[in-house]
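This one's a predicted model, so the numbers in the text were calculated from it and none came from an experiment. Ligands are counted one by one from 1 in listed order, and the atoms in each one are counted from 1 as well.
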Amino acid sequence: MNILILGSGGREHAFAWKIAKSSSCNKLFIAPGNAGTGEVGENVDINVNDFKSIKEFVLAEEVELVLVGPEEPLVNGIYDFFQQDSKLRSISLIGPSADGAQLEGSKKFAKEFMMRHDIPTARYQAFTKENLNEGYDFIDSLHAPYVLKADGLAAGKGVLILENIEDAKNELEAMVTKSKFGEASSTVVIEEFLDGVELSVFVLTDGESYKILPSAKDYKRVGEGDTGLNTGGMGAISPVPFADRFYIEKVEREIIRPTIEGLKSENITYKGFIFFGLINVKGEPKVIEYNVRMGDPETEVVIPRITSDLLNLLKGINHGTFSEKDLEITNEFAATVMLVSGGYPQSYENGKEISGMESIDTSLIFHSGTKNDGCIKTNGGRVLALTSFGATINSALEKSYETAEKISFEGKYYRKDIGFDL
Ligand code: AMP
Ligand code: GLY
């Protein structure tokens, strides 16, 4: 079958790399893709939110399955766009409906959903400029640090964690009255701070049954020891040692199953990935956030650990055969180290030539922000995700760090302590 993957990061390269190996994969397209995806499939110059061009393309190329990488087209309703079009309806689009995508598109919706279905999460309230004073009172009722979240999508920047109560009140005001994060912060969720170790659990569902994918931990801060500014993610490890079989069973019982059942009972169509951002508070898993897609760089450790045919599994989602399909996972650890451009997550320069990749055979190299200009150049803050396997976290990391040394581009930076807390 012909497949189209939407997106342009390391997540999409990892998906493309895996799907290209499937015996059912005929032509593989990635829109818009990057230099790495161009090596395993054909890049197509279409924006992920340009539904009209996507339609023309999938019909012209007889695409039968569309895998949506990032959240934005999902929140914008690409699933519904396909369902409402008689020519597109029979194409499998992997991702939730716009209603389902609200789990990520609106923090308030997600919190209310968790309340309705008794899913453990931080205590919260939501505020707008109409009830700002109640927001100040709610802040007074909490202890530091204070967690403020813009309701809508804010490109990963809409969460503030503040130590000082006056700062928290000022930021709340700036968010709701001065559109600090644009329309996304016209509603703000304020919640209790939870102290614990974070981990991510991923599920693939056809809306009826589900399969639990490997767990992972990502490292969001730019600096060692989890310091400095937030980034898209500087590295990842899978599996997470404390998330053993018993722990995952608890997550399944208290969080995954109620989520799937809750979506079903509310008639919300959901055929895709659910990313549970969890925090472990004294052995109790609680939901910090839902995402309606896979994580990046978590995908770069989770997908390579799957040894069975991913495309076969995805095909089952719209053919009523999903629950019968195999999902096999290696016991080995996978570790990803992200090479980023100097200056990231603030300003950085693109267009730096990358060298040293040809000789690498101990790691997988997933491109995050690259471009093929005759030679491969940097084209983003996060540039390459280097994934290696090992019997232990350290042996996997060691290989990724060796690879990190062998690859060069001007301004290259990476964290040297990925996995330090495991
Ligand atoms: P989110 O975009 O909701 O994932 O939030 C970004 C990051 O903020 C999370 O990965 C956590 O590190 C942190 N965070 C969010 N909510 C809380 C909370 N209630 N308690 C502690 N940390 C939080
Ligand atoms: N790595 C976190 C995310 O994809 O949201």
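- Judged by distance alone, the side chain of Arg415 and the main-chain N or O of Gly223 form a donor-acceptor pair under 3.5 Å.
- Checked against the 6.0 Å centroid criterion, the rings of Phe15 and Phe366 do not qualify as a close aromatic pair.
- Distances from ligand 2 to the non-hydrogen atoms of Gly295 include at least one value under 4.0 Å.
- Only one option out of Arg382, Glu12, His13 pairs with His367 in a side chain to side chain contact (heavy atoms under 4.5 Å, CB included); it is His13.
- Between Phe276 and Phe202, the distance separating the two ring centers is not shorter than 6.0 angstrom.
- In this structure, Tyr210 has its ring center at least 6.0 angstrom away from the ring center of Phe322.
- Checked against the 6.0 Å centroid threshold, Tyr146 and Phe193 do not count as a close aromatic pair.
- The shell of residues lying under 4.0 angstrom from ligand 2, judged by heavy atoms, includes Gly232.
- Of all protein heavy atoms, the one lying nearest to atom 2 (C) of ligand 2 is Asp218 OD2, 3.5 Å.
- Heavy-atom neighbours of Asp140 CG from other residues, nucleotides or ligands within 6.0 Å: above the threshold of 12.
- Residue-environment remark: CD (Glu349) stays at or below the threshold of 12 foreign heavy atoms within 6.0 Å.
- Of the N or O atoms in Asp296, one or more lie within a sub-3.5 Å distance of an N or O in ligand 2.
- By the criterion of a heavy-atom distance under 4.0 Å, neither the backbone nor the side chain of Glu104 is placed next to ligand 2.
- Where the criterion is an N or O separation shorter than 3.5 Å, residue side chain and backbone included, Glu289 fails it with respect to ligand 2.
- In terms of protein heavy atoms, atom 3 (C) of ligand 2 is closest to Arg293 NH1, 3.6 Å.
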When you check ligand 1 against the protein, what N or O pairs turn up below 3.5 Å? List the atom names and distances, or just say none.
from: ligand 1; atom 1: 2 (O); to: Lys107; atom 2: NZ; distance (Å): 3.4
from: ligand 1; atom 1: 2 (O); to: Glu289; atom 2: OE1; distance (Å): 3.4
from: ligand 1; atom 1: 3 (O); to: Lys107; atom 2: NZ; distance (Å): 3.2
from: ligand 1; atom 1: 3 (O); to: Lys149; atom 2: NZ; distance (Å): 3.2
from: ligand 1; atom 1: 4 (O); to: Glu289; atom 2: OE1; distance (Å): 3.0
from: ligand 1; atom 1: 4 (O); to: Glu289; atom 2: OE2; distance (Å): 2.8
from: ligand 1; atom 1: 10 (O); to: Glu198; atom 2: OE1; distance (Å): 2.9
from: ligand 1; atom 1: 10 (O); to: Lys220; atom 2: NZ; distance (Å): 3.1
from: ligand 1; atom 1: 12 (O); to: Glu198; atom 2: OE1; distance (Å): 3.4
from: ligand 1; atom 1: 12 (O); to: Glu198; atom 2: OE2; distance (Å): 2.4
from: ligand 1; atom 1: 16 (N); to: Lys149; atom 2: NZ; distance (Å): 3.0
from: ligand 1; atom 1: 16 (N); to: Glu191; atom 2: OE2; distance (Å): 3.3
from: ligand 1; atom 1: 19 (N); to: Glu191; atom 2: OE2; distance (Å): 2.7
from: ligand 1; atom 1: 19 (N); to: Glu192; atom 2: O; distance (Å): 3.0
from: ligand 1; atom 1: 20 (N); to: Leu194; atom 2: N; distance (Å): 2.8

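- The neighbour count for Lys371 NZ, taken as heavy atoms of other residues, nucleotides or ligands under 6.0 Å away, does not exceed 12.
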